[in-house]
Amino acid sequence: MRVVAFAGGTGSAKLIRGLQRLDVDLTVVANVGDNAWMYGAYVCPDVDIACYTVAGVANTSRGWGVEGDTFRFLEAAAKLGVETWFRLGDRDLATCLARTDMLRRGLTLTEATDRIRKALGAEPRVLPACDEPVRTTVSTPKGELGLQEFWVRDLGRPRVNRVYYRGASRARPTRQVADAVRRADRVVVCPANPITSIGPMLAVPGFRNLVSSSRRVVAVSPMVGSAPFSGPAGKLMKAAGERPDSLGVARLYAGVIGALLVSDADAGLKPRIDALGVECRLGETKMAGPADEARLAREVLEA
Ligand code: FO1
């Protein structure tokens with residue numbers, strides 16, 4: 001079974017681990033909206049966590065970076081007066097510097113990612129959603145912030161007026177993403193922030209049509225009640241004028257997905273989700289460990 005998984009950060013990594021345990025031909029398409037320049041290196045958090053996850057070296061407790069990484073570079077940089085709020089580990093920095101070098105030598109982000117993924121010894125492919133820069137931008141009374149500034153530096157505290165995706169209209173799904181989606185037996189939208197992880201992909205012209213025309217698209221809601229499993233999804237959904245719950249997720253994905261896996265706790269939303277033309281499937285969506293990850297992956301493939 002050929003499976004394409006659209007992925008953001010922490011929650012997505014869990015489902016990817018679950019999918020890896022099943023006998024599927026897996027391709028991960030990773031969000032690029034929170035890519036950022038840090039310490040002179042081009043950091044691609046969602047691409048990197050996907051690569052580290054499929055390579056089995058991800059830090060699973062923190063949800064980003066490499067397991068057992070050190071922070072010697074950051075310690076030295078802090079002594080030189082550099083602002084070090086973005087905790088980039090040493091091995092992680094090496095990945096980002098290698099990528100930066102490849103991009104400067106003219107490789108696309110897709111090509112650079114493929115080299116990094118292979119160097120890490122991982123088999124499942126990881127594809128950035130697009131090669132052009134798409135920057136998730138959070139508009140606040142303090143000004144326009146990139147996602148890392150909003151979430152990591154300012155701890156998600158500033159009031160959010162709106163969120164938009166700078167550069168999205170000039171971007172296109174890559175040929176590799178289009179081919180993978182067309183050949184897929186199942187497209188999975190991982191439990192990710194619909195505004196900052198999946199939103200930047202859906203904002204790229206051609207993406208909605210590409211995904212909606214694939215065989216079967218199943219998403220997992222990242223929300224239980226009105227709270228996400230992690231991250232600022234609720235606050236940003238509200239800023240986007242959407243309900244911060246699984247019905248809001250279904251509305252954002254309507255027309256793209258065929259089914260949405262929703263927590264049993266939100267059974268009351270089922271009629272309204274079904275009415276959108278999105279088949280609401282109830283179950284346990286929380287992934288507390290490897291057994292949960294594999295169980296949810298199986299449910300997604302069977303849905
Ligand atoms: N998230 C944090 O909350 N604090 C950090 O210092 C931090 C560093 C970091 C370094 C590399 C990387 O790839 C991701 C990192 N993240 C950090 C996670 C990241 O900010 C977001 O969770 C993702 O962008 C959302 O998917």
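In listed order, ligands and their atoms are each counted from 1.
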Legend entry - Contact atoms of ligand 1, heavy-atom distance to Gln148 under 4.0 Å: 19 (C), 20 (O), 24 (O)
Inset, instruction - Using distance alone, determine whether Asp34 and ligand 1 share an N or O pair under 3.5 Å. - result: yes
Legend entry - Minimum heavy-atom distance between Val262 and Ser221, given as atom pair plus value: CG2-CB, 4.4 Å
Inset, instruction - Return a yes/no value for Trp151: is any of its N or O atoms, backbone included, closer than 3.5 angstrom to an N or O of ligand 1? - result: no
Inset, instruction - For atom 11 (C) of ligand 1, grab the closest protein heavy atom and report residue, atom and distance to one decimal in Å. - result: Asp92 OD2, 3.3 Å
Legend entry - Which of the ligand 1 atoms, numbered from 1, are nearer than 4.0 Å to a heavy atom of Gly9: 26 (O)
Legend entry - atom 22 (O) of ligand 1 protein-contacted, heavy-atom criterion under 4.0 angstrom: no
Inset, instruction - Write out all pairs satisfying ring-ring contact (aromatic ring centres under 6.0 Å, His included) with one or both partners inside residues 6-30, taking only residues at least two apart or from two chains. - result: Phe6-Phe207
Inset, instruction - Name the closest protein heavy atom to atom 13 (O) of ligand 1, giving the residue it belongs to and the distance to 0.1 Å. - result: Pro45 CA, 3.3 Å
Inset, instruction - Could you list the atoms of ligand 1 found under 4.0 angstrom from a heavy atom of Arg87? - result: 5 (C), 6 (O), 8 (C), 10 (C)
Legend entry - Winner among Val152, Asn31, Leu155 once heavy atoms are compared against atom 4 (N) of ligand 1: Val152
Inset, instruction - Working to the nearest 0.5 Å, report the span between CG of Asp266 and OG1 of Thr285. - result: 8.0 Å
Legend entry - Options Trp85, Phe150, Phe71, Trp64, ranked by nearest heavy atom to atom 16 (N) of ligand 1, top entry: Trp64
Inset, instruction - Ignoring hydrogens, just give me the one of Asp46, Val43, Thr196 whose non-hydrogen atom is nearest atom 26 (O) of ligand 1. - result: Asp46
Inset, instruction - Rounded to the nearest 0.5 Å, what's the gap from SG on Cys96 to CG on Asp48? Could you check? - result: 5.0 Å
